[in-house]
Amino acid sequence: MLTIFERLKDIALEIDKAIKNEDLGYSDQQNATGDEQLKLDVASDSLIEHTLKKLPLVHSIISEEKEEIMPVNPDGKYTICYDPLDGSSIVDVNLSVGTIFGIYDRGNLSGSGLRAAAYIVYGPRLELVVAVRGKAPRHYRSGARGLFSNRSPIRLNEKGKINAPGGTQKYWTPTHKAFIDSLFQEGYRLRYSGGMVPDLHQILLKGGGLFSYPGTQDRPQGKLRMLFEALPFAMVFESAGGEAIDDRGRRLLDLNPEHPHATTPCFFGSKYEIGKLREAYGV
Ligand code: FBP
C-alpha cells in the first residue's frame, strides 16, 4: 500500500503544476454522467490513469469521469476509484479543489471492501491525507523542492464549530432546514466553498463540525458519489474519531452501491453533531 501512497505524492505535484499553469477552459468532451469536462478534468484523469497503471498492486481502476472499470494488472490486489478533480466548478475562480482516492479490495466495491482512502488538496499549500482502516489519518504538506513533510495525525474533537451545509436550500426538507438552523442557533459558523475536499479538510483540521449533502426534492439520492467521494471520506472521518452516515442513520461504510456512479445523501462530522442529526432525523 505504501508504494501506492508514494505515487500519490507524484500525482499531487503534477496536477498542482497543471492547475497553476494550464488552460482552465472547457474541453469539447463530456464525462460518464453527461457533465461538460474542463481540460483540467481530462488532463488530471489521464495523468492519474497512467501513474496507477504502472503499479503491480493495482488490478483495475475506475474514474469518476468514466463509465467503465479499466482492467490494469490481472494479479493486482486492489481496484482504485478516483475523482480526478473534485470541485472543478470552482477551480476557475481560484478556490481550493482536490483529488479523492478510494482503494478497494478487487471485486468488492463497497464500504466493507474499502481498504484505504486518500485525498489531495490543491490550495495555497499542497496537502495529502491518507487513511487506513482503524488508524488516525496521516497528513502531509509539500514544501521546498516538492518534498512532503509529515504533519501530526488528524484527530477530531467530540464537538466542533463549523457548519458546511450543501444542497439547494429551497429543496431541503423542513426537517433538514430546522436541523441546520439549530446548529447556527448554537453559534456554529458557516464555512461552505462548494468544494467537498477543502470543506471537509477544514472540518478535519479545525477539530470538528458538520458537512452535509442531504437528499433533496430535486436530488432525493443526493449528489455525491459513493465510491469516489462519500466512502473514502467516511473512512477518513471514522479513522479521525468522527462519524459518517446517510439520512437513514446507516454508516456509509456499511453501504453497497448499486452501480459504480451511485450517489447517496451523506453527513460527515464529529460525534456531537452526528448525534444531533440522528435526533433531528429520528434515525
Ligand atoms: P464534482 O465531482 O462534479 O466536482 O461535484 C462535486 C462537488 O463539486 C463537491 O465538491 C461539492 O461538495 C458539491 O459538488 C457542491 O455541490 P453544490 O454546487 O450543489 O453545492
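Start at 1 and go down the list; that is how both ligands and their atoms are numbered. It should be emphasised that the depicted structure is a prediction, and the values quoted were computed from it without experimental measurement.
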Who's the nearest protein heavy-atom neighbour of [atom], and how far?
atom	answer
atom 1 (P) of ligand 1	Asp86 OD1, 4.0 Å
atom 11 (C) of ligand 1	Gly194 O, 3.2 Å
atom 20 (O) of ligand 1	Tyr192 OH, 2.7 Å
atom 2 (O) of ligand 1	Glu229 OE2, 3.0 Å
atom 18 (O) of ligand 1	Lys223 NZ, 3.8 Å
atom 19 (O) of ligand 1	Tyr213 OH, 2.5 Å

*Any side-chain heavy-atom pair of Asp86 and Val97 under 4.5 Å*: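 The answer is no; the side chains never approach within 4.5 Å.
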_Side-chain heavy-atom pair His201, His139 within 4.5 angstrom cut-off_ =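 Yes; the side chains approach each other to less than 4.5 Å.
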Decide, yes or no, whether a salt bridge links [X] with [Y] under the criterion of side-chain N to carboxylate O below 4.0 Å.
X	Y	value
Lys54	Glu49	no
Lys276	Glu279	no
Arg278	Glu243	yes
Lys66	Asp45	yes

*Are any of the heavy atoms in Gly166 under 4.0 Å away from ligand 1?*
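Checking ligand 1 against Gly166, which is what was asked, there is no heavy-atom contact under 4.0 Å.
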*Below 4.0 Å from any atom of ligand 1, is there a heavy atom belonging to Phe228?*
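No heavy atom of Phe228 comes that close to ligand 1.
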_Trace of the side-chain contact (heavy atoms from CB on, under 4.5 Å) decision for Ser193 with Ile90_ = CA-CA 8 Å; Ser193 71; Ile90 57 172; 4.2 Å; yes
_Element-labelled atoms of ligand 1 that are located less than 4.0 Å from some non-hydrogen atom of Met196_ =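 This gives 9 (C), 10 (O), 11 (C), 12 (O) as the contact atoms.
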*asked:* Considering both backbone and side-chain atoms of Gly87, is one of its nitrogen or oxygen atoms within less than 3.5 Å of a nitrogen or oxygen in ligand 1?
replied: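 Such a contact does occur with ligand 1.
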*asked:* Under 3.5 Å between any N/O of Glu64 and any N/O of ligand 1: does that happen in this structure?
replied: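 Yes - when backbone and side-chain N and O of Glu64 are compared with those of ligand 1, one distance drops under 3.5 Å.
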_Can you tell me which portion of Asp83 lies within the under-4.0 Å heavy-atom range of ligand 1? Options are side chain, backbone, both, or neither._
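Side chain only.
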*In Å, rounded to the nearest 0.5 Å, how long is the span from CZ of Arg251 to CG of Leu255?*
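If we round to the nearest 0.5 Å, Arg251:CZ and Leu255:CG are 9.5 Å apart.
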